[in-house]
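Only one structure is covered here, and it is reproduced in the block below.
What you see is a predicted model; the values in this text were computed from it and never measured. In the text below, chain A, chain B and the rest are named by the order of the sequence lines, each starting its count at 1.
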Number of protein chains: 2
Amino acid sequence: MISRGPALRDQVYSHIRDRIVSGTLEPGRVIVEVELAAELNVSRTPVSNALVMLKERGLLEDDGGKLKVPILKLEDVIDLYWCRMAHDGLASRLAAERIGAKDLKQLETYLRAWETPEREDDLSALWVSDLNFHHLIYRVAGNRHLLRFSELTTELVSVYRRNTIRRMTDPESGTNRSRNDVRTEHEAIYEAIASRNPDAAEEAARYHIRMVIQHLEQADLVIQSEQVGL
Amino acid sequence: MISRGPALRDQVYSHIRDRIVSGTLEPGRVIVEVELAAELNVSRTPVSNALVMLKERGLLEDDGGKLKVPILKLEDVIDLYWCRMAHDGLASRLAAERIGAKDLKQLETYLRAWETPEREDDLSALWVSDLNFHHLIYRVAGNRHLLRFSELTTELVSVYRRNTIRRMTDPESGTNRSRNDVRTEHEAIYEAIASRNPDAAEEAARYHIRMVIQHLEQADLVIQSEQVGL
DNA sequence: CTGACGAATGCTGCATGCAGAGTGCAGAGT
DNA sequence: ACTCTGCACTCTGCATGCAGCATTCGTCAG
């Protein structure tokens with residue numbers, strides 16, 4: 001586990017973050033500094049530092065003096081997506097003003113991933129494409145603070161990655177949002193950026209996220225219905 | 001300096017943050033852990049933790065292994081204001097959907113601060129009113145992640161508070177943005193929120209920040225002109 | 001049997017020890 | 001006089017010691 005390159009606390013940070021995101025450290029779990037230190041064969045100091053970082057980023061939360069993996073309710077995820085709507089909208093606007101030929105081409109290849117025939121094991125590949133697509137837009141936007149906000153949001157949302165993937169792509173989820181919807185929305189964003197139309201780009205990005213939010217809310221309704229026994 | 005209530009590292013954090021914001025620790029300054037520890041009569045541990053927190057929030061930056069107070073260029077501030085545009089727009093939209101009578105009244109009182117006759121020593125009071133006005137909107141919006149983003153942005157921008165106040169209100173700055181402009185824009189936001197019109201509220205907030213950005217860019221042009229001897 | 005009080009344990013925050021890396025200065029060699 | 005090398009100092013990161021706080025468990029009394 002321990003190597004000499006990056007500072008120990010950063011390695012510890014990455015490790016714990018991955019465990020949170022992957023669910024090995026499940027939501028609600030109380031984080032015990034000593035445990036992690038023992039597990040990673042380091043002293044408590046770098047672990048403590050890593051925990052401070054994680055807390056700052058919202059990947060851990062203080063609950064009565066104890067650090068816990070936050071239990072994000074769907075409401076929280078939706079709140080995060082509202083932020084994403086604002087961020088993605090702005091990023092797309094800026095990207096439409098600034099994008100160059102090379103990045104545009106790259107953006108197109110990410111878009112194409114959604115055209116391939118559907119296979120079950122493609123889900124994670126699709127997810128990666130989705131991340132790449134949006135991330136490239138942020139890079140092109142050239143606003144480092146905006147990029148940072150986006151990363152914070154993505155990190156938090158990714159705690160729910162597994163769930164949202166399933167919901168978004170599972171035809172049994174009771175909602176009718178298909179990969180074609182996503183594809184169409186991405187295409188609209190791409191077209192607007194490609195035609196250097198900032199207003200249209202922002203609106204397309206916002207529409208895309210609004211659809212995701214709508215879908216999340218519908219999924220929540222379905223889940224709630226199931227819980228009351230419908 | 002040391003009290004027993006909040007954790008030492010949080011006290012240290014606040015102290016250093018205030019020194020950065022107030023300019024006592026000027027941009028570019030290299031932060032020396034031992035110095036601060038000695039100055040505050042604490043050990044290096046809580047200082048180290050505080051520095052990690054400050055770095056996470058962008059109030060310190062890593063520069064070749066050394067921690068420095070970041071030197072924000074005007075371009076950075078403008079980037080931050082673009083983010084604010086997105087955030088304030090969203091917050092105003094959400095606030096317009098959710099605000100209650102009591103908060104609305106409070107919002108109105110903050111608005112009124114801009115109607116008082118102009119006095120030089122009112123500048124900081126105006127600034128506080130401005131902060132309160134916008135902050136209340138965020139609280140009403142009821143999206144904790146959005147609130148957090150806003151706080152991060154405000155914290156960073158406030159490193160430049162002094163400058164922006166001067167530029168915004170100094171009639172000699174060469175631009176013609178007056179407090180009446182700000183007042184009018186705030187009123188538009190208020191009116192839209194009061195009439196529960198989310199679209200109008202978002203647009204009014206965005207317009208407000210766009211004007212600030214425009215002003216910042218103009219001020220920059222003026223400064224650049226001065227620098228080349230015009 | 002239950003409730004309350006006290007002891008023991010576990011965990012965290014702060015202090016300090018220790019070692020490695022970077023920097024600057026000085027002295028020696030050309 | 002200039003440069004290169006080496007030594008000393010400084011600072012940071014990690015480890016560990018220490019003490020206070022909370023929680024829990026056990027025991028004793030009602």
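Proximity note for B/Val34 (side chain, C-beta onward) versus D/dC11, C/dA15, C/dC11: the nearest is D/dC11. Residue A/Val32 places its side chain closer to C/dC11 than to any other of D/dT12, C/dA15, C/dC11.
Side-chain contact of B/Ser14 with B/Gln11: a donor-acceptor pair under 3.5 Å is absent, judged by distance alone. No side-chain donor from either of A/Glu151 and A/Thr154 sits under 3.5 Å from a side-chain acceptor of the other.
Mapping A/Lys66 and A/Arg9 onto DNA chain D by nearest heavy atom places A/Arg9 at the nucleotide closer to the 5' end. Ranked by how close their nearest DNA chain C nucleotide is to the 5' end, A/Arg44 and B/Arg44 are led by A/Arg44.
Between A/His87 and A/Tyr138, a ring centre-to-centre spacing not shorter than 6.0 Å is recorded. The aromatic ring centroids of A/His134 and A/His208 lie less than 6.0 Å from each other.
Atom pair B/Lys68:NZ and D/dT12:P shows a separation of 13 Å (rounding to whole Å applied). Regarding B/Glu33, its CD atom lies at a distance of 13 Å from the P atom of C/dC14, rounded to whole Å. One interatomic measurement links the two molecules: CD of A/Glu39 to C1' of C/dC11, which rounds to 17 Å at whole-angstrom precision. Atom C1' of nucleotide D/dC11 and atom CG of B/Leu67 are separated by 12 Å, given to the nearest angstrom.
Between B/Arg139 and B/Asp103 there is a side-chain heavy-atom pair separated by less than 4.5 Å.
Contacts of B/Ile31 with the nucleic acid, taken as non-hydrogen atoms under 4.0 Å apart, involve only primed sugar atoms and P, OP1 or OP2.
Under the 4.0 Å criterion applied to side-chain N and carboxylate O atoms, A/Lys55 and A/Asp62 are assigned as salt-bridge partners.
Taken residue by residue, residues 45-62 of chain A places heavy atoms nearer than 4.0 Å to DNA chain D at A/Thr45, A/Pro46.
Nucleotide C/dT30 forms a pair with D/dA1, judged by Watson-Crick or G-U wobble geometry with both contacts under 3.5 Å.
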